[in-house]
2 protein chains.
Amino acid sequence: MSPNPVIPDSAVSRLATYLRVLRDPRVEGRQHVSSAYIGDRAGVSPDQVRKDLSHFGEVGRPGVGYDLEHLIGHLARIMRLDRVQTAVLVGAGNLGSALVQYTGFGQRGFRIAAVFDIDPQRVGTNLGEVVVEHVDRLAQRVEELGATIGIIAVPRWACQTVADAMASSGLRAILNFAPAKIEAPEGVNVRSVDLARELECLAYYLPG
Amino acid sequence: MSPNPVIPDSAVSRLATYLRVLRDPRVEGRQHVSSAYIGDRAGVSPDQVRKDLSHFGEVGRPGVGYDLEHLIGHLARIMRLDRVQTAVLVGAGNLGSALVQYTGFGQRGFRIAAVFDIDPQRVGTNLGEVVVEHVDRLAQRVEELGATIGIIAVPRWACQTVADAMASSGLRAILNFAPAKIEAPEGVNVRSVDLARELECLAYYLPG
DNA sequence: GTTTGTGAATGAGTTCACAGCA
DNA sequence: TGCTGTGAACTCATTCACAAAC
């Protein structure tokens, strides 16, 4: 699925965290960082940090640590974050609107270049810097924009339909915010975030 | 931390998913459901479903399956979802506003009963059905409302301060949307959702 | 003395396989 | 025959421990 070495998904997630830590302004000025430093900021053991980083060949110097700039570049390349990734979003409701305007994506190198909805009331309205388009135009716009990632922010009952449309539009990655399982063809990577489930998991540990 | 048996966090997350599947309107009318049915809808193997459910004693009947209503009640009690859980949210920015108005929480038994911010421009404004209050009032309002869960939707630099305030206000669970590690005292459960990281993980698997 | 890279040991979680009940 | 409950086998990930490099 990827020219990168096969590493556990949990490790991929941690690598993204390391990169976030290294790009934090507070680290600026440092020449080197140690696995202990990264681990502390990321909430991970130093051993784990070294193991994760060693999946991609030697990058650190014993007794010194990792060269900051070099490591950032290395990680960014591995994670495909050395370029701006273009995403499109379907579902201009409450959550969709917030996601489009969420500055965190832009800061981390993602651009939501188009937003789609099926509701004529919403089509044509402004959302941040984009105009909501009819979902019929998805495939055409994906191609025009060279988008690679689709974000689903529609109700549960519509999410599979949207996912199918995304897959046949050529998108290779889908981030789904609807609380339902999504089937996608081989080669299309789906990741789901169920916001309510996060609260539910917390509830389990509550006393009483 | 909980009177419930100690089960892996991954299992807790799946239990929440099973409950979502069982409460789906499409299941209504059924008397029994099998582990195979649940597993199919949840994207999990039947073995895994049975293992997860068996952590809490026998609930299914061989040859028949699980009694639908009974299982829903059982899971809801285990997950503390047999009552409305009251949450408060700090950070009335883009993301915070969307979360307050997100209907998915209410549908799943959570009520965001108060919203706080530190910006005088935002304090006093309406957000859905609540009025934004100054974060100084957090502790008092948590007590008045009997809230148990805190949701953090502030910028990274402010999240630890907010978490500290939440912990000392008596909240026992925190859902953090700021992209940073949070330290909390023993007994306070923190869960972090980094929306940009989800996209980053997807980027790793992109071709090219 | 400090810190990396990595094989070995440990541990956690998932899948298997089957006995037992309907 | 269909389906659950569960110990055993297995897989996968993390932690340990130490040699080598600075």
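The shown structure was predicted, so the numbers you read here are calculated from the model rather than taken from an experiment. Residue numbers begin at 1 in each chain, while the letters A, B, ... track the order of the sequences.
Considering only side-chain N and O atoms, B/Ser45 lies under 4.0 angstrom from the phosphate OP1 or OP2 of C/dT15. Note on B/Ser35: a side-chain N or O is less than 4.0 Å away from OP1 or OP2 of D/dT4. In this model, the phosphate group of D/dG5 is approached by a side-chain N or O of B/Tyr66 to a distance below 4.0 Å at OP1 or OP2. Phosphate proximity of C/dG13 to B/Gln48: absent, as no side-chain N or O sits under 4.0 Å from OP1 or OP2.
Look at B/Arg141 and B/Glu144 and you find a salt bridge, because one of the NZ, NE, NH1 or NH2 atoms lies within 4.0 Å of a carboxylate O, short of that distance.
Here D/dT4 is the nucleotide among D/dT4, D/dA20, D/dA17 with the atom lying nearest to any side-chain atom of B/Ser34. Listed nucleotides C/dT14, C/dG5, D/dT6 differ in distance to B/Ser54; the shortest reach to its side chain belongs to D/dT6. You'll find that the side chain of A/Arg50 is closest to C/dT6, out of D/dT4, D/dA13, C/dT6. Checked against D/dT4, C/dT4, C/dT14, the side chain of B/Ser10 finds its nearest nucleotide in C/dT14. Considering only side-chain atoms of B/Lys51, the nucleotide from D/dC3, D/dA8, D/dT15 that sits closest is D/dA8.
One distance of note links OG of B/Ser13 with OH of A/Tyr204; it measures 12.5 Å at 0.5 Å rounding. Taking CG of A/Leu68 as the reference point, atom NE2 of A/His70 lies at 11.5 Å (rounded to 0.5 Å).
Proximity of B/Asp194 to A/Arg108: side-chain heavy atoms (C-beta onward) are separated by under 4.5 Å at one or more points.
Within the 4.0 angstrom heavy-atom criterion, only backbone atoms of the sugar-phosphate kind lie near B/Arg61; the bases stay farther away.
The CD1 atom of A/Ile7 sits 11 Å away from the P atom of D/dT14 (whole-angstrom rounding).
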